[in-house]
Amino acid sequence: MGIEDAYITARGVSVTYRRQRDGSELPALAGVDLDVARGEFVAIVGPSGCGKTTFLNVVAGLVPASSGSVRVDGVEVTAPGPDRAMVFQDYALMPWRTVEANVRFGLEFQRHGLSRDEIDARIREAIELVSLTGFERAFPYELSGGMRQRVGIARALVGRPRVLLADEPLGAVDAMTREAMQGDLERIVAATGLTTILITHSIDEAIALADRLVIVSHRPGQVREIIDVPLPRPRFDYDIKAHPEYAPLREHVWDLLKGEALGAKEVEA
Amino acid sequence: MSGRLRLPDSRWARIALSVVNVVVFLTIWEIVAKEEVINPLFFPAPSDTWDALREGFADGTLTDALLWSLRCFAIGMVAAAVVGIPVGLLMGSSPAAYTLLSPYVWAMASLPRVAITPLLVLIFGFSQMAELVLIFLSALFPIVINCMAGPKTVDPSLLRAGRVFGASRLALYAKVVFPFTLPFIVSGLNQGLTRGLVGMVIAEIFGGNDGLGYVIQRAGETFEAPTLYAALFLLVAISLSLVQLLRWLEVRVAPWRNQSARA
Ligand SMILES: Nc1ncnc2c1ncn2[C@@H]1O[C@H](COP(=O)(O)OP(=O)(O)OP(=O)(O)O)[C@@H](O)[C@H]1O
Ligand SMILES: [Mg+2]
């Protein structure tokens, strides 16, 4: 909280859902405060159902905060905007579109004033950035999970957003591909200077990628603790697990999450 | 030897096999019919059926019946599609429209079409209108029900992606909901076609004075089995080509569905 020159500021963000079936209320977030600096990479971890996706949706402008607000570059978020792009756990690619056309989707609804050639160049560039050159004409069903998510990342990047919101982007990718893609993600984020919020269930992934970890409490979600990750970058150039800071950090996060998971059980009971 | 029937791999070999299959079948039929193992009154030989078909086209009776049926079917189907697709999409997209219309749609869809034939004859007499309305009603409800399922089942995360990348409500409909729904529309048309065909035959058998159904009914009453079989053959031909057409369209419209089903 309270970092200077924050690019994203969340203040007292609460979201209460009203269930359609019986009209009962479900508090998902209860006063989340978070500052993210320009170009920073923040990972959010927390027990299942604690409101992580909800928070990301608020930042994206998809879900309105019941109280509190989110500002991006000083402007209050009220709707989605081209400054923020999202990557989805289930990829959310249009199955009827080729790789190229799916990436184009990221630009299609924006008033960017680009010429056709410029658009094509942007698409080519985004596809190249995720190493999918040569697969432009393939359909998502012809690609592996990892490749599909590369398309999802290219679609997010093609509009040159300032903020990347990633909701468990590698959650459905197999373990081998996952590590390789973590490396790609670090490289891409470094190359583009994106401010990134990543949600993940993997502590290792969070430590490998993030500058800071945000531990969220069980539902209704609140920020339990924010932890700096002191490991030097680029992290995929060396074995971070062998770094002396790694094991104690991991253990600390694990303890916190275990506590929250147990707390969640008590709430349910 | 596994004892399992294995189909040959080459395309031409498979076509050749089908031809042999049909030829053998027709030959056996021909022999059985000519030997009058079964009463020829309702079991004519393929050669007699073929003659009836040729004569019918030569003197124009079958040509007229075929054209009449096809024309009525086309008009009824187009009307059903023009009404059914928008209504189905609307019901799938708007809970209010669904609540308002669904009781009638489900009631009509579950009503056996034969049951309303006397009513239609009562209203329209033995006219072409009765036939058109029956085709229309037969095809309409499968189309509505299938089209309705499209917008209702559209993947919410695709909608989320659409909104994140700035699609307006209209753009969301045009670029996400509609393409997602297209295969549902095609299966609706597919079911509508088969049902519409049934409606057409029922109308022509029970009410009309024209069309293939009428030929079938007349041939039955006058013991002209070959003509009856010729008309049946034409119905099969129509039905099969329409189904094939729609299947081709289904693959074109949604290659990912067939692919994932095969994988
Ligand atoms: N549209 C909605 N309407 C009602 N309740 C919702 C809605 N979306 C989420 N919820 C509920 O709000 C709570 C938080 O959901 P959310 O998806 O934000 O959690 P999460 O931390 O992302 O969980 P997970 O780790 O399982 O993805 C959950 O209990 C969920 O059931
Ligand atoms: Mg989630």
Seminar exercise, completed: Heaviest contributor of heavy-atom pairs below 4.5 Å to chain B, chosen from A/Gly61, A/Gly106, A/Gly152, A/Ala79, is A/Gly106
Problem set entry | Heavy-atom proximity to chain B below 4.5 Å, by part of A/Arg97 | side chain
Problem set entry | Largest heavy-atom contact set with chain B, pairs under 4.5 Å, which of A/Glu108, A/Gln89, A/Gln110 | A/Glu108
For this session: Below 4.5 Å from any heavy atom of chain B, which atoms of A/Leu93 appear? Answer side chain, backbone, both or neither.
Result: backbone
Problem set entry | Polar side chain donor-acceptor pair, A/Glu205 to A/Thr200, under 3.5 angstrom | yes
For this session: Classify the ring geometry between A/Phe139 and A/Tyr141 as parallel (under 30°), tilted (30 to 60°) or perpendicular (over 60°).
Result: parallel
Exercise. Which is it for B/Lys152 and B/Met91 under the side-chain contact (heavy atoms from CB on, under 4.5 Å) test, yes or no, and what are the steps along the way?
Worked result: CA-CA 9 Å; B/Lys152 263 183 181 297; B/Met91 285 177 71; over 6 Å; no
Exercise. Per the side-chain contact (heavy atoms from CB on, under 4.5 Å) rule, which among A/Val87, A/Ile188, A/Thr192 passes with A/Leu164?
Worked result: A/Val87
Exercise. Which of the residues B/Gly166, B/Ser168, B/Pro183, B/Ala161 is involved in the greatest number of heavy-atom pairs with chain A at under 4.5 angstrom?
Worked result: B/Ala161
For this session: Could you verify whether a donor N or O on one side chain and an acceptor N or O on the other, from A/Ser115 and A/Asp117, lie under 3.5 Å apart?
Result: no
Exercise. Is it the backbone or the side chain of A/Pro95 that comes under 4.5 Å from a heavy atom of chain B, or both, or neither?
Worked result: both
Exercise. Counting heavy-atom pairs under 4.5 Å to chain B, which of A/Pro161, A/Gly81, A/Gly159, A/Ala92 comes out on top?
Worked result: A/Ala92
Exercise. Is any side-chain heavy atom of B/Leu212 less than 4.5 Å from a side-chain heavy atom of B/Ile238?
Worked result: yes
Seminar exercise, completed: Okay, A/Phe105 and chain B: the region with an atom under 4.5 Å from a heavy atom over there is both
Exercise. Relative to chain A, which segment of B/Val253 carries a heavy atom at a distance below 4.5 Å: side chain, backbone, both, or neither?
Worked result: neither
Problem set entry | Side-chain ion pair, A/Lys52 and A/Asp167, N-O less than 4.0 Å | no
